[in-house]
Amino acid sequence: MGGLLGFFLSLVAITSLLPMYTVCGTTRSYEFNIELQNVTRLCHTKSMVTVNGKYPGPRIVAREGDRLLIKVTNHVSSNITIHWHGIRQLRSGWADGPAYITQCPIQTGQSYVYNYTVIGQRGTLFWHAHISWLRASVYGPLIILPKLNVPYPFTKPYKEVPIIFGEWFNTDPEAIISQATQTGGGPNVSDAYTFNGLPGPLYKCSAKDTFKLKVKTGKTYLFRLINAALNDELFFSIANHTLTVVEADAIYVKPFKTETLILSPGQTTNVLLKTKSKFPGANFLMSARPYVTGQGTFDNSTVAGILEYESPVPMKNLPLFTPTLPSLNDTSFVSKFSNRLRSLANSKFPANVPQKINKHLFFTVGLGTTPCAQNRTCQGPNGNRFAASINNVSFVQPSVALLQSHFFNKSKGVYSPYFPVNPLHWFNYTGTPPNNTFVSNGTKLMVLPFNTSVELVMQDTSILGAESHPLHLHGFNFFVVGQGFGNYDPKKDPKNFNLVDPIERNTVGVPSGGWVAIRFLADNPGVWFMHCHLEVHTGWGLKMAWLVLDGELPNQKLLPPPSDLPKC
């Protein structure tokens with residue numbers, strides 16, 4: 001009997017060490033300490049804001065159905081918030097993270113627990129700071145595994161490898177954006193791109209900081225690719241290897257093979273790499289460099305990592321193969337690649353595309369200007385300041401959080417509920433731009449009743465030059481039902497919409513000199529940010545927010561705020 005009791009007690013001791021189980025999954029707790037850390041790259045050492053002293057930050061791993069409790073404590077002088085990019089946050093908008101949208105920032109010496117459950121999602125996402133330019137160094141992978149014993153709908157990989165793209169600045173990015181805000185001009189560009197925080201051998205004083213991946217022959221690897229760069233869309237390729245795309249933005253896709261990918265900031269892509277069956281006697285560069293459509297300056301450099309095969313015997317001085325990436329402005333490649341992405345749309349993973357639309361919206365997105373302060377000359381176009389807008393409304397960030405203002409019925413003087421459903425003035429959006437490039441300013445929200453079926457067409461404009469804009473919607477995935485070049489034609493273009501198996505994602509590129517059409521169901525009450533994921537454009541005002549009202553039923557209402565929600 002004693003032996004049985006001892007066994008039972010030891011079993012209790014073991015199970016008490018395991019994570020606490022809830023009905024649907026496990027509760028996983030993480031601690032994020034926001035702290036300064038000295039980091040050296042390209043022979044430049046600087047003190048930068050990090051999570052737990054790591055650059056990039058720690059990996060969050062959970063399963064579909066798990067609850068996450070992530071305590072963020074701020075030990076630096078800057079305010080901070082963290083966004084869990086791509087997480088739906090069903091009824092838990094208080095945990096979404098964009099500063100002054102769903103919460104006031106976490107101030108120095110304060111902490112906040114982000115508390116949310118991963119519902120109906122699995123795949124590669126990421127987390128990042130969502131205030132000013134702090135996400136330059138505050139970011140990391142967020143990996144959602146399928147439920148226990150649920151397989152991937154593709155070959156089980158031998159190994160999984162997250163590769164997160166970033167940008168390195170030799171100087172403090174906060175100083176860069178601060179200076180640009182004062183002058184009204186374009187901000188200085190980054191000094192390097194990085195894979196997992198490492199710029200690689202193509203930069204001066206950087207060979208030792210190279211991401212190297214050792215692989216075995218005849219194995220299948222899953223690469224979880226994440227573009228966490230601040231301001232650049234990036235092409236990616238591995239020399240002499242073909243990749244199979246199996247997922248985008250944590251949504252499984254119909255697999256297809258490609259040698260090159262394009263990822264916008266905010267996008268993720270999972271690819272399978274089948275290694276060569278015999279030792280190739282060579283090493284292979286994996287490289288990324290920018291896709292550029294705008295008129296401004298940009299970081300024209302290439303990050304490289306090295307794919308090495310395990311050798312039966314030690315070998316030195318192996319040849320090194322380099323991939324061929326598309327030209328910097330290859331919009332044709334980007335368009336073709338985007339069109340290849342299709343949802344699985346099967347019984348296990350259906351594509352629930354809204355078929356009957358309640359609300360048709362048309363938003364122009366693009367750059368513009370705003371006047372310089374009196375008796376001053378700014379460094380933007382024609383002595384003005386750079387600006388950006390949606391439907392010519394450049395978003396003014398409030399000084400209190402929008403979600404709290406809505407929840408406590410204190411919206412007066414904070415925001416207007418009348419965001420325009422289409423541009424107030426029609427013009428030839430992709431033709432000769434109008435003489436007046438000034439934007440209007442305001443904090444305006446688009447209000448949607450619960451369960452509204454929305455079709456939104458986003459049209460790029462040629463004001464200050466046509467440019468690709470990766471738009472990210474918080475709180476929802478959406479279906480990309482159509483895209484094209486030139487001006488959207490509401491009579492002809494909808495006839496070609498894909499309503500059967502369109503890609504479902506959270507970030508989509510509005511094509512340079514073109515348009516994209518998305519559909520989504522507004523089934524998540526709260527205030528949800530939508531913005532360009534090029535940080536420079538977000539700062540200029542290319543952003544807005546949606547207010548989705550509560551539904552009738554208790555499970556269709558926003559939950560009340562947590563007691564530790566930060567105050568402004």
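Just so you know, these numbers use all the heavy atoms, side chains as well, and skip hydrogens, waters and symmetry mates. Keep in mind the model is a prediction, meaning the values are calculated, not measured.
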Residue F256 excluded, over 12 heavy atoms near CZ under 6.0 Å: yes

Side-chain heavy-atom pair V189, F169 within 4.5 angstrom cut-off: no

Please list, one pair per line, the donor and acceptor atoms closer than 3.5 Å that link side chains of residues 421-435 to other protein atoms, with sequence neighbours excluded.
from, atom 1, to, atom 2, distance (Å)
N428, OD1, G431, N, 3.3
N428, OD1, N487, ND2, 2.8
T430, OG1, N487, OD1, 2.8

Y415/H406 aromatic ring centres below 6.0 Å: no

Donor-acceptor side-chain pairing of T40 and T45 below 3.5 angstrom: yes

Steps toward ring pair (Phe, Tyr, Trp, His ring centres under 6.0 Å) verdict (Y116, W84): CA-CA 10 Å; Y116 58 91; W84 318 94; 5.7 Å; yes

Under 3.5 Å donor-acceptor, S394 side chain and W540 backbone: yes

Pair T437, T369: side-chain N/O donor-acceptor within cut-off below 3.5 Å: yes

With sequence neighbours excluded, residues passing salt bridge (Lys or Arg N to Asp or Glu O under 4.0 Å) with R289: none

Side chains of I144 and I87 in contact at under 4.5 Å (non-hydrogen atoms): yes

Side chain D493, main chain D489, donor-acceptor under 3.5 Å: yes

Nearest atoms (heavy-atom pairs only) where A304 meets L285: CB-CD2, 4.0 Å

Greater than 12 external heavy atoms within 6.0 Å of K46's NZ: yes

Plane angle bin for F520 and F476 - parallel if under 30°, tilted between 30 and 60°, otherwise perpendicular: tilted

Closest approach of G140 to I164 (non-hydrogen atoms, all atoms of both residues): C-CD1, 3.8 Å

Pair Y114-Q103, side chain to side chain contact (heavy atoms under 4.5 Å, CB included): steps then yes or no: CA-CA 11 Å; Y114 289 92; Q103 68 167 98; 2.7 Å; yes

Any side-chain heavy-atom pair of M530 and L471 under 4.5 Å: yes

Pairwise side-chain hydrogen bond (donor to acceptor under 3.5 Å, both in side chains) hits with a residue in residues 194-204, at least two apart: Y203-S301

Residues that R41 engages under salt bridge (Lys or Arg N to Asp or Glu O under 4.0 Å), provided they are two or more places apart: none

Taking every non-hydrogen atom, the tightest pair across L234 and A229: CD1-CB, 4.2 Å

Any residue meeting salt bridge (Lys or Arg N to Asp or Glu O under 4.0 Å) with R385, in chain and number order, not counting sequence neighbours: none

Interatomic distance, N270 atom CG to I251 atom CD1 [nearest 0.5 angstrom]: 11.5 Å

Ion pair K359/E455, N-O distance below 4.0 Å: no

Parallel, tilted or perpendicular, as decided by the 30° and 60° cut-offs, for the rings of W515 and F497: tilted

N524 side chain reached by V548 side chain, heavy atoms, under 4.5 Å: no

Non-neighbouring partners of D249 that pass salt bridge (Lys or Arg N to Asp or Glu O under 4.0 Å), sequence neighbours left out: R505

Reported CG-to-CG distance for the pair D191 and L42, which is rounded to 0.5 angstrom: 6.5 Å

Working for ring pair (Phe, Tyr, Trp, His ring centres under 6.0 Å), residues H128 and F126: CA-CA 7 Å; H128 60 78; F126 70 117; 5.2 Å; yes

Candidate list Y112, W127, Y139, test ring pair (Phe, Tyr, Trp, His ring centres under 6.0 Å), partner F32, passing option: W127

Any donor-acceptor N/O pair, S335 side chain to T331 backbone, under 3.5 Å: no

Heavy-atom side-chain proximity of V454 to P354 below 4.5 angstrom: no

Side-chain donor-acceptor pair present, T50, Q37, cut-off under 3.5 Å: no

Side-chain heavy-atom pair W94, T102 within 4.5 angstrom cut-off: no

Working for ring pair (Phe, Tyr, Trp, His ring centres under 6.0 Å), residues F165 and F195: CA-CA 5 Å; F165 308 168; F195 289 154; 5.4 Å; yes

Contact check, side chains of I463 and L367, non-hydrogen atoms, under 4.5 Å: no

Whether N436 side chain and F438 backbone form a donor-acceptor pair below 3.5 Å: yes

CA sep, side-chain torsions, deciding dist, call: Y291, F236, ring pair (Phe, Tyr, Trp, His ring centres under 6.0 Å): CA-CA 10 Å; Y291 162 56; F236 174 83; over 10 Å; no

Worked check of side-chain hydrogen bond (donor to acceptor under 3.5 Å, both in side chains) between S264 and E233: CA-CA 4 Å; S264 293; E233 305 183 66; 2.7 Å; yes

Student check: side-chain heavy atoms of H130 and R135 closer than 4.5 Å: no

Verdict with reasoning, Y193 to D232, per side-chain hydrogen bond (donor to acceptor under 3.5 Å, both in side chains): CA-CA 9 Å; Y193 301 107; D232 291 272; 3.2 Å; yes

Name of the residue among H474, H469, H472 meeting side-chain hydrogen bond (donor to acceptor under 3.5 Å, both in side chains) with H531: H474

Evaluation steps, side-chain hydrogen bond (donor to acceptor under 3.5 Å, both in side chains), between W168 and N170: CA-CA 7 Å; W168 167 266; N170 285 336; 2.7 Å; yes

